[in-house]
Amino acid sequence: MDISGKVAIVGVGETDYVRGSDRSVTELVLDASMQAIQDAGLLPSDIDGVIPPPGYVTTEEIAANLGMPEVRYAVEVRMGGASPTAALQSAVMALASGVATNVLVTFGWNGYSAFRKRPDAKKTKRLGDPGPFIDVSRNFYAPYGVRSAVQWYSMYIQRYVDLYGITAEAAAQVALTCREHAHLNDKALMGGRIMTLDDYFDSPLITEPMRKLDCCLETDCAAALVLTTTERAKDLPHKPVLWLGGAEGHPYPADEITNRPDMLKLGLDSAAPRAFAMADVSPSDMDFLQIYDCFTYVVLMELEAIGICGKGEAGDFVKDGNIGLNGKFPMNTHGGLLSQGHCWGLNHIVEATHQLRHDAGKAQVENCELGLVTGYGDLGDGSIAVLARG
Amino acid sequence: MSDPQQKSYKKYIPNPEGLNLELHLKAVETGLLHIQRCLSCDKARQPPRYYCSACFSSEYEFVPVSGEGFMYSFAINHFTVDRAWIEEVPYVTAVVQLVEGPRVVGALRNAEPQDVNLGDPVLVSVEPRGEEFAFIWVDKVQ
């Protein structure tokens with residue numbers, strides 16, 4: 001079955017990106033979901049497929065609270081930050097096969113508040129599930145004081161920068177570009193807060209080579225999408241955004257970083273060629289890139305994994321101005337996880353949809369027709385979607 | 001810096017199960033670093049797995065290894081969420097390529113962060129902590 005172009009994103013919604021929300025995860029997710037359903041011109045009762053954030057909110061809760069009596073497809077995708085973009089693939093399969101007619105993909109969390117006790121705050125939801133690699137990380141990383149994402153990823157990023165001579169100036173360019181774009185976005189947490197190269201180098205080292213400003217934000221937020229068949233999308237209010245191709249990839253072994261034959265091969269390295277083949281386009285055809293930016297150096301590795309530039313070339317590529325709004329490949333036009341907020345990359349898909357509808361405001365990439373979104377999560381899982389203006 | 005007011009935090013000791021427990025018990029009993037080896041094709045692997053990814057055999061043994069290797073990668077930690085490690089920053093977590101094939105993660109203890117480079121020769125050893133866990137130390141070979 002050829003599924004390329006058969007399914008479209010027809011509705012998007014997102015909350016504000018804040019630190020210190022007074023709303024529970026459930027409330028955030030319901031808000032974003034209702035916005036997306038209304039944006040699609042549908043009613044909650046039209047939704048019969050749901051892909052919720054793993055571990056935070058269940059399909060059962062969403063369906064019961066919004067009023068979805070006919071759910072026939074409910075799955076969770078457990079790939080950390082790669083989940084939302086990988087969820088598109090699952091939604092497409094359900095829709096193209098006729099298993100479901102309208103699918104809601106949503107993510108939300110109190111990514112700031114749940115980690116910080118505030119006596120005045122409402123009780124917040126559980127943090128989520130511990131991740132599919134918990135057994136390895138408990139036994140082989142945690143005993144050595146390695147307990148957080150920035151530390152896990154440094155185990156390969158250090159090798160990456162040393163082998164290819166990647167400089168901090170290159171990583172800074174990713175952070176600065178995302179910040180520049182955040183200034184164009186009313187929904188970006190860091191909009192209006194200027195970041196300079198000096199600010200970058202003044203920020204403290206966390207785990208080398210990463211500084212604080214190489215790390216994404218922690219925010220409370222939710223976002224949601226509604227997808228349906230391209231055929232059905234013709235009757236809906238917005239210009240549909242077509243899913244031309246997509247894929248997920250898992251490094252091997254996915255649950256342990258250090259014993260991969262090539263530690264620098266991410267899930268995205270295997271996923272990207274499959275996605276481009278399905279979409280029948282090449283990386284250079286893209287009008288914009290929304291790259292999962294949990295850490296600046298991960299962005300550099302992803303740019304190489306998707307083939308926008310060769311191995312070890314991403315540092316020079318970003319320093320040459322290619323990723324700015326007026327560059328060859330405008331990147332993270334909403335500010336990304338680094339400067340808009342951290343919604344596990346579902347905010348990247350929302351932004352890609354706005355771009356391809358041509359309603360992205362001040363950050364609009366003129367006349368864009370094609371763009372891509374990547375996801376990255378857990379210990380290097382990857383996902384990608386190639387999207388087109390319908 | 002020690003602050004008398006500060007609570008002291010113990011370093012985390014996992015409670016391994018299954019194959020991980022078998023691996024650690026061997027190291028605790030002998031005081032030697034062990035890795036798992038396939039009894040059918042001899043391929044060494046880490047962390048322990050139930051089947052060999054090369055020949056799919058489920059027969060295995062745990063064997064002592066030399067501990068000789070080199071720095072394949074590393075992380076220099078200037079910040080930690082683990083309170084038991086706060087006084088140690090900046091500390092270096094080593095990813096060691098063992099001469100026997102697999103890689104292990106351990107704590108580097110005899111070199112400053114600025115003196116660590118990919119490819120540096122190292123020696124890996126274990127220190128039993130409790131009955132069921134052996135901590136991995138990494139020393140740079142001077």
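Keep in mind that this is a model prediction, so the values were computed, not measured. Letters A, B, ... mirror the listed sequences (proteins, then strands); counts begin at 1.
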Tightest non-hydrogen contact, residues B:Asp82 and A:Gly145, listed as OD2-CA, 4.0 Å
Listed by number, the residues in residues 94-103 of chain B that come under 4.5 Å of chain A (heavy atom to heavy atom) are B:Val95, B:Pro102, B:Arg103
Taken to the nearest 0.5 Å, the spacing of B:Asn77 CG from A:Ser154 OG works out to 7.0 Å
Answer whether the closest heavy-atom distance between the side chains of A:Phe140 and B:Val105 falls below 4.5 Å.
-> no
Between A:Gln151 and B:Ala75 the two heavy atoms that sit nearest each other are O-CB, 4.3 Å
**Prompt:** Less than 6.0 Å separating the ring centroids of B:Tyr91 and A:Tyr144?
**Reply:** no
To the nearest 0.5 Å, atom CG of A:Asn139 lies from atom CZ of B:Phe133 at 8.0 Å
request  = Return yes when atom CZ of A:Arg193 has more than 12 non-hydrogen atoms of other residues, nucleotides or ligands closer than 6.0 Å, and no otherwise.
outcome  = no
Atom CD of B:Gln114 with >12 non-hydrogen neighbours under 6.0 angstrom:
yes
Checking heavy-atom separations under 4.5 Å from chain A, one finds in residues 20-34 of chain B B:Asn20, B:Leu23, B:His24
- Heavy-atom distance under 4.5 Å between the side chains of B:Arg45 and A:Asn259, does that happen here? no
Over 12 non-hydrogen atoms of neighbours within 6.0 angstrom of NZ in B:Lys11
yes
Honestly, the part of A:Tyr153 sitting under 4.5 Å from a heavy atom of chain B is neither
Okay, A:Met210 and chain B: the region with an atom under 4.5 Å from a heavy atom over there is neither
Closest heavy-atom pair, A:Pro143 versus B:Phe135, reported as atoms and distance to 0.1 Å, is O-CE1, 3.4 Å
Counting heavy-atom pairs under 4.5 angstrom with chain B, the leader among A:Val136, A:Thr207, A:Asp135 is A:Thr207
Here the pair of heavy atoms bringing B:Tyr72 nearest to A:Arg159 is O-NH1, 3.0 Å
Less than 3.5 Å apart, which donor and acceptor atoms pair up between the side chains of residues 297-307 of chain A and the rest of the protein, not counting sequence neighbours?
{"unit_1": "A:Glu302", "atom_1": "OE1", "unit_2": "A:Thr374", "atom_2": "OG1", "d": "2.8"}
{"unit_1": "A:Glu304", "atom_1": "OE1", "unit_2": "A:Gly312", "atom_2": "N", "d": "3.0"}
{"unit_1": "A:Glu304", "atom_1": "OE2", "unit_2": "A:Tyr160", "atom_2": "OH", "d": "2.6"}
{"unit_1": "A:Glu304", "atom_1": "OE2", "unit_2": "A:Gly312", "atom_2": "N", "d": "3.1"}
{"unit_1": "A:Glu304", "atom_1": "OE2", "unit_2": "A:Glu313", "atom_2": "N", "d": "3.3"}
{"unit_1": "A:Glu304", "atom_1": "OE2", "unit_2": "A:Ala314", "atom_2": "N", "d": "3.1"}

Rounding to 0.5 Å, atoms CD (A:Glu208) and CZ (B:Phe74) come to a distance of 8.0 Å
Q: Indicate yes or no: at least one non-hydrogen side-chain atom of A:Leu163 is less than 4.5 angstrom from one of B:Leu118.
A: yes
**OP:** In sequence, state the C-alpha distance, the side-chain angles, and the governing distance for B:Trp85 and A:Arg147, and then conclude on side-chain contact (heavy atoms from CB on, under 4.5 Å).
**Re:** CA-CA 11 Å; B:Trp85 283 84; A:Arg147 285 175 177 270; 6.0 Å; no
So, the part of B:Arg49 with a heavy atom under 4.5 Å from chain A: the answer is side chain
Whatever's closer than 4.5 Å to a heavy atom in chain B on A:Arg211 counts as neither
ask   = Are any side-chain N or O atoms of B:Ser73 and backbone N or O atoms of A:Gln158, one a donor and one an acceptor, separated by less than 3.5 Å?
value = no
Filtered by a 4.5 Å non-hydrogen cutoff, the part of residues 53-64 of chain B contacting chain A is B:Ser53
Between B:Pro14 and A:Arg138 the two heavy atoms that sit nearest each other are CB-O, 3.6 Å
A quick test of your reading: do over 12 heavy atoms of other residues, nucleotides or ligands sit less than 6.0 Å from OH of B:Tyr51?
no
